[in-house]
Amino acid sequence: MVEMTESRKKAIEWAEKIVSYVDNDPRPIVKCKESRPITDVKDLMISSTELYGDNVCYLQKWNPKGEFEKITYKEALADEKGLGTWMMDHDLTGKRVAVIGPNCYQWCTTYVAVCGIGCIVPLDKELNAEELKNQIQRAEASAVVFDKKHLDVFKQIKADGDTPLEILINMDSEIEEDGVYSWREIKDEGKKKVEAGDTRWEDNEVDNEAMSILIFTSGTTGKPKGVMLSQKNVCAELMIAPTTFELMEEDCYLSFLPLHHTYECTCCFLMALYKGSSVAFCQGLKYITKNLKEVRPTMMLAVPALYEKLYHTIWKNVRKQGKEKMLKSVIKVNRVTKKVGLDLGNKFFGEIRDIFGGRMKTLICGGAKIDPEILDGLQDFGFNALQGYGLTEAAPMGAFNPQDAPNSRSVGVPFPGQEVKVINENEEGIGEICIKGPNLMLGYYKDPEETAKVLDSEGWFHTGDLGYIDKDGYTYLTGRAKNVIITKNGKNVYPEELEYLLGLIPFVTESFVFEDTKATGNDTLIVASIRTDAEELSELLGDEYTEDDVMKLLWEEVDKINADAPAYRMIRKVIHRKRDFVHNTSSKLIRFNEDNKAEE
C-alpha cells in the first residue's frame, strides 16, 4: 500500500472543507447534502467505480446504424488505466495532451486518463487547420488524440516541425498506421501491463492546484484566451453543484453540446460520473429526436435555441391538431391541482413528454438568455426546466436556479461556498456582476495582464456581464459591458435586452441590435437587423408575400417594443437580413463583425 503523502492529506482536507460548505448552508434551496469529497478527476473516477462499478457509465453507438452499447464504470476505468499507463510509458507524464473530436467514449476516457498524469487541452473540432496549429503551439502540446476527420491536419502539423507535437493518436483507427497510433491498440497495450500488476497510473500523485485543464475561449473578438483550470476548480463544482436539484445514479444524460466547452464537460460528462449516472452520446443534432427515443434520457443540457425550437414546434403541432384551447385549459387547471399533489400531466401531456423520450425529468439551459415563458411552459409540461449562468473562467458555474424555487426570469443564485455581487451600479441599479469561489480559474495562460484585469486581489472575478441582484439573492442579466451602447445624451442601451424582446416575435429567428456610428444628428441611431422564418411568414402573409409586406410586419412589431421604451432606447432603423449572421464556434453572434451590420 502506497503511503499517503502530506500533499495528498492536504488535498483530502480541502475536499472535506468544500463538502462542509454544503453541510453548513442553511438555505432551504440546498436540497441534497450527500456530497462526497473528491480531490481530482482520477479520484472521482476511482471512487465512483468503487460505489457504482456495475452501473452503466456510457452508451455509445460504435456502429452508426446499430444499437447503443453499454459500458460500465469498471470497464471505463480499466480502459483509462490502460491509456494512462501507455502515456506514462511514452514520456507524457506532466505533459500537455490535446483531444479533439465528436462527443464519444474515446474523448471522455482520454480526458480522465490525461488528468491522471498531466494536462488535458480540449480543442474545438470546428476550428480550421491554421487555428488548430496555433493552439497546439500555444498550449505546447506533446500529443493529440483526434478523430479520423483531423488525421491529415495533425499529420501536417507534426511534419511542419515547428510545434512540440510528437505523438499522434487516432481514436477511430483499429490499427497503427503511418506513424499514427491507434487509440484502441494503445489502450489494450496499457491494459495488459495493468493486468500484470502495473499500478503507476493509479498511484501517480495529482497536484490538484496545478493547471491540469487548458481551454481556449471562443471569444467574439481578438485572440482566444487560454483559461487555466486546476482539478480543484472542477471538483469544487462537482461537489457543490448537485445540491439544489435532484441527481440520482439512475439518471441518464444525453450529451450533444460540444465536450470541449466546460458547460457540457463539467455539467454533463463529469457530473454524471460523480453521481454514478450514465452518459449517452448523441450522434449529432439531426439525430437528436431519434436518439431521445432510443436512449430515453432523464437529463439534458442545451442552449436556448434548441429549447425554443422544440417548444415552438410542440405548440405548432398542437394548433394544427386543433387542441390549443384545450391544452391551455389543462395547463391552467394543472397549475392549481399540482399544488395539492394532483398532477394531470401524466394523462394529458404524454405525447409531449414522448418527444423527449418519455423519461425526461430535468432540462438545463445555459449559454445565453432564454425567454422565461418557454422555461415556464416546459415546467407546465412536467419538466424541471432550470436556467443557470456561468463562464469558462468559473469552470463554468456561477449561479443556478434551485429545483424547488426556480425563477425563470433569473439565472439563479450562487451555490454553497460561492458568492455573487454587483459593482459600479448605475442609476438603474445595474452594474457589473462579480463572482467568487473555489471554482475560479488560475488565470489566463501566459497572460498576466489580462488576468489582472478580471481577477482582483480579493479573489473576485469581474465577469464583464451586467445585471442586478434582487432581495432574495437571485441574479438577473441585462447584457455585456463591452456591448453597451452609450447614447449621445449619456444613457445606456443594452442591445441584448432589445434582442430578447425581438426574439419573442414568433416569426423572428435571430436579431442583432447595434448603433449606426455613421449616422448624423443629435440622437443615437439604434439599428435592428432581423432574420425571419420564411415558413412562419408564409402562414401570416400567404405564399405570395413581398418584401414590403415583411417590412410592414416588422415595423408593426418594432413599434410595439418602442411604445414601452423611453425615446433614447427606441429602435429607429430596421434591416431585414436574408443571410445567416456570422457566429463563432460557440454559436454566439460576433458583434464586431462588419458583415453582421451590413444591409442587404
Side-chain angles (χ1 to χ4, degrees), residues 41 95-103 107-108 110-111 114-115 118-147 149-150 153-154 157-158 160 162-165 210-231 233-234 237 257-267 269-270 303 366-367 390-397 439-455 461 463-464 480 482 582-593:
V41 173
K95 302 287 182 65
R96 286 84 182 268
V97 178
V99 60
I100 186 171
N103 294 12
W107 197 104
C108 291
T110 296
Y111 184 101
V114 174
C115 281
C119 175
I120 188 76
V121 185
L123 298 176
D124 183 346
K125 64 181 184 296
E126 301 302 326
L127 296 179
N128 62 39
E130 182 180 350
E131 291 168 320
L132 288 172
K133 181 175 182 178
N134 176 267
Q135 292 190 6
I136 288 289
Q137 282 178 322
R138 291 179 61 195
E140 301 171 271
S142 301
V144 60
V145 180
F146 53 84
D147 61 322
K149 292 181 181 178
H150 290 93
V153 171
F154 288 108
I157 291 174
K158 181 185 177 185
D160 289 343
D162 52 358
T163 72
L165 190 60
M211 179 184 78
S212 294
I213 304 157
L214 178 58
I215 301 173
F216 290 98
T217 63
S218 51
T220 55
T221 59
K223 184 175 70 173
K225 299 182 182 73
V227 177
M228 300 188 293
L229 296 176
S230 70
Q231 295 192 46
N233 298 146
V234 171
E237 292 278 54
L257 293 179
L259 275 166
H260 70 271
H261 291 309
T262 49
Y263 177 33
E264 183 74 5
C265 187
T266 301
C267 305
F269 155 47
L270 294 175
V303 292
L391 311 94
T392 303
E393 291 88 342
M397 292 176 277
N439 54 314
L440 291 183
M441 67 170 181
L442 303 174
Y444 294 123
Y445 185 60
K446 293 187 175 181
D447 201 342
E449 291 183 2
E450 288 298 318
T451 300
K453 290 179 183 179
V454 296
L455 278 175
F461 175 69
T463 67
R480 290 285 292 169
K482 65 182 179 182
V582 181
H583 298 80
N584 64 19
T585 58
S586 299
S587 298
K588 292 181 181 178
L589 185 141
I590 302 177
R591 292 186 171 273
F592 302 98
N593 183 290

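The structure displayed is predicted, hence computed values, not measured ones. In this chain, residues are counted from 1 in sequence order.
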Report yes if some heavy atom in the side chain of [X] is under 4.5 Å from a heavy atom in the side chain of [Y]; otherwise report no.
X	Y	result
Ile215	Thr262	yes
Phe146	Val153	no
His260	Ile100	no
Asp124	Phe216	no
Glu393	Tyr444	yes
Leu127	Asn134	no
Met228	Leu214	yes
Lys125	Asp147	no

Ignoring hydrogens and geometry, is there a side-chain-to-backbone donor-acceptor pair from [X] to [Y] under 3.5 Å?
X	Y	value
Asn103	Leu257	yes
Asp447	Gly226	no
Gln135	Leu132	no
Tyr263	Gly367	no
Glu140	Arg96	no
Gln231	Cys115	yes

Hey, mind stepping through Thr463 and Leu391 against side-chain contact (heavy atoms from CB on, under 4.5 Å) and telling me if it holds?
CA-CA 8 Å; Thr463 67; Leu391 311 94; 4.0 Å; yes

Classify the ring geometry of Tyr111 against Phe269: parallel below 30°, tilted from 30° to 60°, perpendicular beyond 60°.
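It falls in the perpendicular class, over 60°.
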
Look at Lys133 together with Glu130 and state whether they make a salt bridge at an N to O cut-off of under 4.0 Å.
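The answer is no: the pair does not qualify as a salt bridge.
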
